[in-house]
Amino acid sequence: MSARILDGKVIALEVTEALRPRIAQLARPPGLAVVLVGDDPASAVYVRNKTRRAGELGMVQRQITLPATTSEADLLALVDALNADDAIDGILVQLPLPAGLDKDRVLDRIAPEKDVDGFHPINTGKLWQRRPALVPCTPAGVVELLRRTGVALRGVDAIVVGRSNIVGKPMVALLEQQDCTVTLAHSRTRDLAGAVGRADVVVAAVGVLELVKGAWIKPGAIVIDVGMNKRPDGKLGGDVEFGPATERAGWITPVPGGVGPMTIAMLLANTVGAAERASR
Ligand code: GUN
């Protein structure tokens, strides 16, 4: 068997194009502020991709780049100003922050209704209670990819490998909402091969190149690879051994071109949703 490829570039384009009529309905364009502190090159690329697509859709995008020496007080003052700015519906502070800046204090300062990353504890709590909330973009994008397979998720066994606040933990909440039976595996899991082998849906989000072996995959399973790791040759590689996994999986996402574009699409969808709520 050879897995069908879930093309995140194509699906992300469909998701963002579907935002255009919603944007056109609004009295003013949705506004997204992206704050980048320091000069981490990978972060600069992510931020450029996020703001570029926002601009293509006619959204107001404001990129604020601050030096790595920025004080926490100055960064908090910027967040306060964006919270109070009626032209801005979504605020994203790119992570990681330079040493000396307290990530939690900064993220907690973002108004929950403008927290388009879905990282604020208020949004985390609402997500787990199945209340309306801004949902973290990468796991939301994974749910959209799963939906596009057309495979019924009710009652199936899903495994999430990796327990980060950004991906793994909210992913568990979202898969539970899809009525999956969810296992959360992590670096201390004793029998990862066995646990992955029982799963109908595998979401790999550990950040370890090819940790999940193709031979572990249950025949026909859906494999979603959130990993973005550097290979020894400098190219990008996922958390799943792609070639061998395609021999067993029913569906699989490539790296790059799988989950990555979906993260940006869901960020823009979150921003449009925030603008719609602000306009009511
Ligand atoms: N750094 C890596 N991924 C993300 C993300 O989704 N949001 C933010 N703000 N920073 C990140």
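All values below come from the heavy atoms of this structure, side chains included, with hydrogens, waters and symmetry mates left out. As the structure lists them, so they are numbered: ligands from 1, and atoms in each ligand from 1. Note that the numbering runs from 1 along the sequence shown for the chain.
Below 3.5 Å of separation, one finds an N or O of Val93 facing an N or O of ligand 1. Some N or O of Gln94 is nearer than 3.5 Å to an N or O of ligand 1, by distance alone.
For atom 10 (N) of ligand 1, the nearest protein heavy atom (residue, atom name, distance) is Leu95 N, 3.0 Å. Looking from atom 8 (C) of ligand 1 to the surrounding protein, the closest heavy atom is Asp117 OD2, 3.3 Å.
Between Val201 and the options Asp157, Thr149, Val142, Leu153, a side-chain contact (heavy atoms from CB on, under 4.5 Å) holds for only Leu153.
The shortest separation from a heavy atom of Phe119 to ligand 1 is under 4.0 Å, placing the residue in contact.
A side-chain donor from one of Thr263 and Thr138 sits under 3.5 Å from a side-chain acceptor of the other. Inspection of the Lys50 and Gln61 side chains reveals no N or O donor paired with an N or O acceptor under 3.5 Å.
Environment of CG in Asp86: sparse, with no more than 12 heavy atoms of neighbouring residues, nucleotides or ligands closer than 6.0 Å.
Contact atoms of ligand 1 toward Leu92: 9 (N) (distance under 4.0 Å to a heavy atom of the residue).
Pro244 approaches Glu241 most closely through the heavy-atom pair CD-O, 3.6 Å.
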